[in-house]
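Read the structure below first, then the notes.
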There are 2 protein chains.
Amino acid sequence: MKKTVLIFGMLAFAILALLQLSKYALISGDLTIELIISGIAIVFFVIGVAIQKRFRKQETESKEIDQKQLDTIGLSKREYEVLIEMASGYSNKEIATHLFVSESTIKTHVSNVFLKLDAKRRTQAIQKAKELQILPI
Amino acid sequence: MKKTVLIFGMLAFAILALLQLSKYALISGDLTIELIISGIAIVFFVIGVAIQKRFRKQETESKEIDQKQLDTIGLSKREYEVLIEMASGYSNKEIATHLFVSESTIKTHVSNVFLKLDAKRRTQAIQKAKELQILPI
DNA sequence: ATGTATCTCATACTAAAGTACCAAAGTGAT
DNA sequence: ATCACTTTGGTACTTTAGTATGAGATACAT
């Protein structure tokens, strides 16, 4: 947030400087009116695009992994891995193969995930995890 | 697409007109240099924001239900309902209650959904449906 | 009318998922 | 060193999920 304020402050200063500069450049006759107007137009067009892009970034960022919620839920690293595999549509046996452990281990992890997400089925766990913005995509 | 080209053409024409206008306004002395530059800056800033917004819209619009793919997959109305219930995390028994039919019926629908989505498990079916942009959310 | 597809439901079965314990070994912090 | 947590794995069991097959009822199009 402090960073944003600083950038906007510097931007405002740069804009004022640019305006003054172009004004004196015109009076002194170094540049033609067409060039100055074109320059101003390009600069502000770019600024407009950049600012809109910044807001868009903030909007879409809300659709990525919510690290804070992940912490409050308290899933362990391994449990989280299993959750992601589950959401990808794999069976316990397949997950066991992917993570090089036994199916029993996966079942234990799965049960723990259910407890922490308050779910009764894996589909429900996936749904809840999605609502909590915990899953990639 | 034709619409976009037309809009951009008109926009280009408007910009050229604006530049000429401001040039002659300055020469005739009706407006000060500050006003003209400010006006140009604002106009192009707005144009930059608008264009960026248009692209952003196209990006986010691709995240809604893809009716065409739904048709090609050929899910029946009832099968699609069952798929959505599945993705919401409900068990076969719960889905049966929601749709006022027996669990057997749900099992039949579920199996048909698996065939049409080429899935072996409900979690996989959900994942594939999501990739095909068939599910709401 | 007759065929095609959908929706419904049943039985009988296999496979997978999930629960409930228990327990050993490793990790990390105080 | 001790405690808490994680990771691993096991057995035994219950519950869902999923498959295969058959079949009646409805609706819709040719």
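Protein chains get the first letters and strands the later ones, always in sequence-line order, with residue 1 at the start of each. Keep in mind the model is a prediction, meaning the values are calculated, not measured.
Of the charged side-chain nitrogens involved, at least one lies within less than 4.0 Å of a carboxylate oxygen, so that B:Glu81 and B:Arg78 count as a salt-bridged pair.
C:dA12 atom P lies 13 Å from atom NZ of B:Lys107, rounded to whole Å. When rounded to the nearest whole Å, the span between CE of B:Met86 and C1' of D:dA17 equals 11 Å. Between A:Phe114 atom CZ and C:dA17 atom P the separation is 10 Å, expressed in whole Å. The separation between A:Glu85 atom CD and C:dA17 atom P is 13 Å, rounded to whole Å. Look at OH on B:Tyr90: it is 22 Å from P on C:dA17, rounded to the nearest Å. Here D:dT16 presents its C1' atom at 15 Å from CZ of B:Arg121, a figure rounded to the nearest Å. The CD1-C1' distance, from B:Ile106 to C:dA10, rounds to 15 Å in whole Å. Rounded to an integer number of Å, the gap from B:Glu81 CD to C:dC7 P is 8 Å.
A donor-acceptor pair is defined here as one N or O able to donate and one able to accept, closer than 3.5 Å; such a pair exists between the side chain of A:Glu79 and the backbone of A:Ser76. A side-chain donor-acceptor contact under 3.5 Å links B:Lys128 to the backbone of B:Asp118. Between the B:Lys116 side chain and the B:Gly74 main chain, a donor and an acceptor come within less than 3.5 Å of each other.
Counting heavy atoms from C-beta outward, B:Arg122 and B:Phe114 have side chains that approach closer than 4.5 Å.
Residue A:Arg122 places at least one side-chain N or O closer than 4.0 Å to OP1 or OP2 of C:dG18. For B:Asn92, a side-chain nitrogen or oxygen approaches OP1 or OP2 of D:dA17 to under 4.0 Å.
Using a 3.5 Å distance cut-off with no hydrogens or angles, the side chains of A:Thr105 and A:Ser102 do pair a donor with an acceptor.
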Reading 5' to 3' through nucleotides 2-11 of chain D, protein heavy-atom contacts under 4.0 Å coded B for base, S for sugar-phosphate only, - for none: ----SSBBBB
